[in-house]
Amino acid sequence: MLQTGLGETQEDPDNWLAGHGDKWVSELDGMNGSKTSSTLNDGISTTELETRYLRLSFGQPSQLLISYLETVGTVVIDHPNLRTTSNPTHPVTFPTPANKRSAHILRERASASSIQSRSASDNPPPPPHLTSSTTAAAARPNRDSLLPQLPPLLGPNPTPSVSDPRAASTPPRPAQVLGRRRQRTGFDGEEAQEGEAPRNDAFGRSPKQKRRRLGSTMLADISRGEPSIRSSQPVSNGSRASTSTQNGTMPSVSRHSWGLAGSGMDETYFGHNREEVSRILIQALHDLGHHAAAAMVEEDSGYQVESPDVVAFRQAVLSGSWVKAEEVLCGKSGDGRGGLVLAPGADRDTMRFRLRQQKFLELLEQRETARALAVLRNELTPLCQQQHQALHLLSRFLMCQDADDLRTKANWDGANGQSRRVLLTQLSESISPSVMLSDHRLATLLDDVKRSQMDRCLYHTSPESPSLCVDHSCPRSRFPSKIMAEFSTPNASSGRMADEIWHVRFSPDGKRLASCGSEDLACVWDVERLTLITQLHGHMNRGIGSLAWSPDSKHLVTCGFDHTARVWNTDTGECIRILGDFNTPVSSAVWTSDGQTIITGSFDKDMSICEWSLRGERLHTWKATYRTEDLALSRDERWLVAMDDQKRIHVYSFPTREHLYDYELNARLTSLTISRDNKFLLINKADSEAVLMDLETRRIVQRYAGHRGGQYTIRSDVGGANENFVISGSEDGRVCFWHKLTGLLIQDLEGHSDSCNAVAWSPVDPCMLASGGDDGRIRIWSNVERVRAAAAAAAPAASGSRHTNGTTHRNSMGSGKSVSTG
Amino acid sequence: MGLMYNVYLNCATIYGCKGCKTHLADHDDIISRNFRGQHGKAYLFNTVVNVDCGEPAERNMTTGRHVVRDILCRSCGQVVGWKYDKAYESSEKYKEGKFILEAELLCTVS
């Protein structure tokens with residue numbers, strides 16, 4: 001229990017004064033005449049008092065007592081954890097408050113904090129026997145004299161709402177405990193100062209004023225005791241916006257290296273290297289534009305973002321003084337001694353070459369050809385013993401007519417452009433991070449964190465960037481799992497045996513959905529209004545196996561079993577081109593991003609992969625000795641992957657049409673999809689497994705199981721917010737969802753009564769997907785909210801939604817019973 | 001029944017359906033040529049692709065009683081032969097699970 005000096009008794013196990021001896025407290029009590037009942041372990045010896053020496057012992061190992069001492073005097077803090085190894089029995093001594101730093105602290109606090117405890121000046125006069133001494137324990141006489149000083153230090157704390165109950169009692173207390181200058185032990189972090197302010201009045205406010213040790217013991221202790229305090233002490237919450245005046249009312253009073261020899265203090269920021277964190281923060285402050293603040297932090301912490309050498313180097317490069325830059329880089333002697341510290345594996349010669357190359361190009365730009373030639377001969381050539389190509393390239397630039405020509409040929413944007421900065425960035429990668437941080441380091445780290453949080457979100461549906469203040473996770477309720485609408489083709493609804501749906505695809509703008517199947521027509525549906533737009537008649541027999549949208553969402557290519565591929569205008573429904581030299585069914589098609597070229601894949605050995613223009617001319621026939629069953633083109637047009645009917649995929653570099661590699665899998669393959677980040681290829685197999693392969697490294701990075709394969713072609717897709725999900729149909733009619741990175745099966749829906757052949761995720765809407773199956777139905781899935789909204793919107797229009805040329809039936813929720821009308 | 005593309009064979013001589021040229025069997029897969037069907041010569045094959053099977057029926061053949069089912073070309077639906085499910089006589093057991101394709105209903109696809 002602690003005597004707060006106001007007559008309050010606090011039962012607080014974490015109170016740092018709990019367990020302290022009688023003497024101290026009784027003195028305090030004597031001051032205000034109330035009874036005390038706390039106990040101090042070691043009291044204050046009067047002899048010590050006279051020597052202005054306060055010796056306090058800590059009752060509990062995790063508590064830290066900050067004593068508040070007058071301007072002259074010494075505080076000795078004795079704590080088991082503070083004892084140095086060299087001095088195991090003696091407590092640590094702190095310099096007196098008379099030194100500049102502490103005075104500085106006091107002043108800062110005084111100016112910055114609200115001074116509620118000025119009322120403390122109304123304290124009763126000190127007892128007679130303590131009049132002269134200025135010791136802490138003898139604080140009493142001092143208390144009076146120190147009274148004026150206390151309020152400032154106490155100030156900040158009364159304000160936080162958290163500490164209100166105590167805060168109310170704080171003002172008078174200072175009077176009692178006066179004379180105690182709070183000595184900061186060196187381990188308070190940047191935030192701790194705010195927390196310290198309240199501590200002035202050690203006894204009373206110990207819980208609030210508990211000094212946070214950056215070591216783990218303290219933290220554990222604090223977490224036990226004062227959750228409320230924690231919120232007002234930014235140390236624990238790092239990022240929580242503290243509304244108290246603590247945050248930021250203490251301008252530059254950051255870390256003080258008080259020379260604390262305490263062995264228990266950690267030189268880390270919650271386990272991270274203090275130097276690194278400080279440097280990153282300073283750089284971030286500079287980036288944000290707060291240069292004064294950054295300078296103050298630099299001064300206080302004693303760390304610098306970049307060593308002066310690096311600063312000189314940076315200036316030299318950006319201003320174009322190449323000789324100076326090289327001198328800094330390599331040191332005066334030119335062989336690296338005394339130069340910049342390089343990252344491991346960095347090559348000084350490469351860096352020198354780059355510098356000299358920039359110099360050469362700039363001289364050429366200014367048309368100082370003679371000097372440029374001199375540079376080339378004397379400076380660049382000796383560096384490139386083996387790489388004559390680079391030299392040849394540079395010497396060719398000598399032939400350029402003028403600066404513009406040079407710039408275009410060299411792909412270089414001139415001395416006045418960004419080239420110097422780019423050069424600096426390149427060079428900085430080779431300089432050791434201990435002297436130079438890469439640009440915007442904090443932003444890079446935060447990007448990483450966001451990315452990893454999004455990647456791990458199991459039901460990720462929000463397309464926006466996550467907030468930094470709270471760990472990201474999306475609610476499951478937003479994940480699509482309910483049927484929003486169901487489409488049937490006209491034949492199906494008219495009562496004839498339903499034909500099967502074999503493929504569904506969203507248009508790139510997400511507004512339309514195309515479907516094809518065993519019937520000879522393809523349908524285009526409007527996804528927003530949930531109606532049929534057009535039917536595309538023209539194919540002859542036995543169905544349409546696959547289709548592909550043009551990038552502008554206006555045209556569609558359908559690949560039929562009648563040995564033709566047809567190009568349609570989806571607005572009018574007319575067939576604008578027939579590509580028909582094939583001897584076998586056409587299996588698949590892809591568009592290039594300009595929408596002018598179509599690449600088809602077919603089972604015809606001579607025309608396995610062909611390129612066509614929109615006018616119907618065959619532009620190119622790729623070299624392929626296999627029969628193509630599926631094709632995929634990456635969005636950046638870098639990779640073209642073809643799947644054959646023999647368990648193999650063939651990967652080509654699209655721009656050069658060069659065959660890169662083949663990969664053989666262990667079962668018959670059924671579909672291919674390349675993810676939008678152009679890195680991964682999803683392959684669905686007939687042995688009930690889908691695999692995700694990295695195109696660059698050619699390795700399988702994840703496997704997905706849970707759906708059923710068999711003899712039919714089942715299609716899968718990658719999609720969702722951040723492309724976090726893989727979905728696939730299944731021969732038992734289910735739609736299966738997996739988390740892409742971890743491979744976890746997160747959901748499966750009863751989609752169709754027979755096999756579910758194709759699934760597609762909307763490219764623009766992270767909460768919508770479509771599935772088509774053997775029962776002739778196409779189902780649009782979304783989350784509960786959207787389904788309700790759609791039902792509400794549909795209700796008034798329900799009466800007008802029936803037409804003979806295709807019906808749509810909206811299910812508000814549930815299992816998808818559909819009634820075929822018309 | 002879902003989307004199923006035809007299987008394509010990779011060998012020297014391929015027999016295909018006379019009507020639609022769908023690959024059916026490999027010439028090297030013939031077990032015996034000593035068979036006769038309704039339309040004349042027929043061959044016994046180990047495996048045949050791109051065919052659908054009909055319902056099993058018991059038939060009396062020159063060699064005895066068997067349970068057979070007709071096989072049809074998957075693309076055009078034409079009957080191309082039959083498949084042996086069960087042979088009642090032990091000397092005919094070797095035919096079980098194998099296919100007969102009638103030469104008259106086939107063509108060669110190179």
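Note that this is a predicted model, so its numbers are computed, not measured. Below, read A as the first sequence line, B as the second, and so on, with proteins coming before strands; counting in each chain starts at 1.
Taking A/Gly710, A/Ser587, A/Ser755 one by one and counting their heavy-atom pairs under 4.5 Å with chain B, the maximum is reached by A/Ser587.
Remark: B/Gln38 CD is loosely packed, at most 12 non-hydrogen atoms of other residues, nucleotides or ligands lying under 6.0 Å away. Annotation: B/Asn34, atom CG; neighbour count of heavy atoms from other residues, nucleotides and ligands within 6.0 Å does not exceed 12. Around the NZ atom of B/Lys41, the shell of radius 6.0 Å holds no more than 12 heavy atoms that belong to other residues, nucleotides or ligands. The neighbour count for B/Lys21 NZ, taken as heavy atoms of other residues, nucleotides or ligands under 6.0 Å away, does not exceed 12.
Residue contact with chain B, scored on non-hydrogen atoms closer than 4.5 Å, is absent for A/Thr670. In this structure, no portion of A/Glu731 lies under 4.5 Å from any heavy atom of chain B.
With sequence neighbours excluded, the residues satisfying side-chain contact (heavy atoms from CB on, under 4.5 Å) with A/Ala624 are A/Ser608, A/Ile609, A/Tyr626, A/Tyr652. Listed by chain and number, the residues in a salt bridge (charged side-chain N to carboxylate O under 4.0 Å, His left out) with B/Lys83 amount to none (sequence neighbours excluded).
In this structure, B/Met4 CE and A/Trp502 CH2 are separated by 9.0 Å, a value rounded to the nearest 0.5 Å.
In this structure, A/Lys605 and B/Asn10 have side chains that are in contact, with non-hydrogen atoms separated by less than 4.5 Å.
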Exercise. Checking side-chain contact (heavy atoms from CB on, under 4.5 Å) for the pair A/Asp645/B/Tyr8: CA distance, chi angles, key distance, verdict?
Worked result: CA-CA 8 Å; A/Asp645 55 350; B/Tyr8 291 86; 3.8 Å; yes
For this session: Could you please spell out the steps behind the side-chain contact (heavy atoms from CB on, under 4.5 Å) verdict for B/Leu3 and A/Arg715?
Result: CA-CA 10 Å; B/Leu3 170 61; A/Arg715 291 174 156 137; 3.3 Å; yes
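Under the 30°/60° scheme for interplanar angles, the aromatic rings of A/Phe561 and B/Tyr5 are found to lie parallel.
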